[in-house]
Amino acid sequence: LLGLSFSNEDEVEAIHLVDPSQKVIDVLRDIIKDSYITNGKFKINIHHRSGQELKLSGKAKTIYIAGMGGKEIIEILAHLESQLSERDRIVISPHRKILEVRQFLRSSSFRLIEEEVLFDDGQYYQILSLALDEKLPEVSPYGTAIWKSSVGEAYRNHVIRHFSSHKDEAS
């Protein structure tokens with residue numbers, strides 16, 4: 001659905017929706033078939049495969065990787081890194097293993113455009129916007145900007161409480 005939200009953007013030539021689950025692919029096809037977005041302004045491509053198998057075009061692109069764990073996101077980013085240019089943007093939102101993702105990003109060519117934490121449906125999500133532009137700052141291992149908003153402050157308190165409860169259990 002995130003990819004489809006760009007259907008009103010004039011610059012968009014094509015949207016590629018990728019998922020390894022046939023069930024998700026079937027739902028996407030039904031959504032598109034019964035919607036206004038099949039107006040011919042751009043092409044919608046649905047790919048039943050994993051992100052680790054993608055072959056990208058040379059055109060500028062924005063790629064969103066969300067709804068999965070950090071291990072999978074790391075694998076996809078490692079696979080895509082050599083196929084990207086400075087014009088491209090990647091936005092990620094790992095559900096788990098965010099510290100491992102940040103460690104990977106520090107050892108890669110990816111640099112930070114922006115980071116934010118969102119709270120939705122009882123969950124906190126770190127969102128990182130990345131590019132291969134070496135003029136941008138490295139990704140911090142623990143985040144920088146994510147802690148500065150009111151949501152970030154609540155997230156920090158949540159993380160501290162979560163860590164404290166695990167520390168007490170280990171004692």
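Heads up: numbering here begins at 1 and tracks the sequence.
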Closest approach of Pro94 and Ile98, non-hydrogen atoms and distance? CG-CD1, 3.5 Å
For Tyr124 and Val151 the tightest heavy-atom approach is CE2-O, 3.9 Å
Mind jotting down which residue pairs meet the salt bridge (charged side-chain N to carboxylate O under 4.0 Å, His left out) criterion with at least one end in residues 80-97? Sequence neighbours excluded, please. Lys61-Asp88
Testing Leu130, Leu128, Val91, Ile90 one by one against Ile65 for a side chain to side chain contact (heavy atoms under 4.5 Å, CB included), which residue passes? Ile90
Partner of Ile92 under side chain to side chain contact (heavy atoms under 4.5 Å, CB included), chosen from Ile73, Ile74, Ile76: Ile73
Between Gln22 and Asp26, is a side chain to side chain donor-acceptor pair (under 3.5 Å) present by the stated rule, with each step listed? CA-CA 6 Å; Gln22 185 62 51; Asp26 292 342; 2.8 Å; yes
Atom [atom1] of [X] and atom [atom2] of [Y]: how far apart are they, to the nearest 0.5 Å?
X	Y	atom1	atom2	answer
Arg156	Lys148	CZ	NZ	12.0 Å
Phe104	Phe110	CZ	CZ	6.0 Å
His158	Phe119	NE2	CZ	8.5 Å
Leu77	Gln52	CG	CD	10.0 Å
Ser50	His79	OG	NE2	8.0 Å
Leu112	Ser140	CG	OG	8.5 Å

Say whether Tyr155 and Gln126, considering side chains only, have a donor N or O and an acceptor N or O under 3.5 Å apart. yes
Where does the angle between the aromatic ring planes of His16 and His47 fall among parallel (under 30°), tilted (30 to 60°) and perpendicular (over 60°)? parallel
Surrounding CD of Glu138 (heavy atoms of other residues, nucleotides or ligands, distance under 6.0 Å), is the total greater than 12? yes
For the hydrophobic clusters of this structure (ILVMFWY residues joined by side-chain heavy atoms under 4.5 Å, transitively), does one cluster hold both [X] and [Y]?
X	Y	result
Ile63	Leu132	yes
Tyr125	Trp147	no
Leu80	Val139	yes

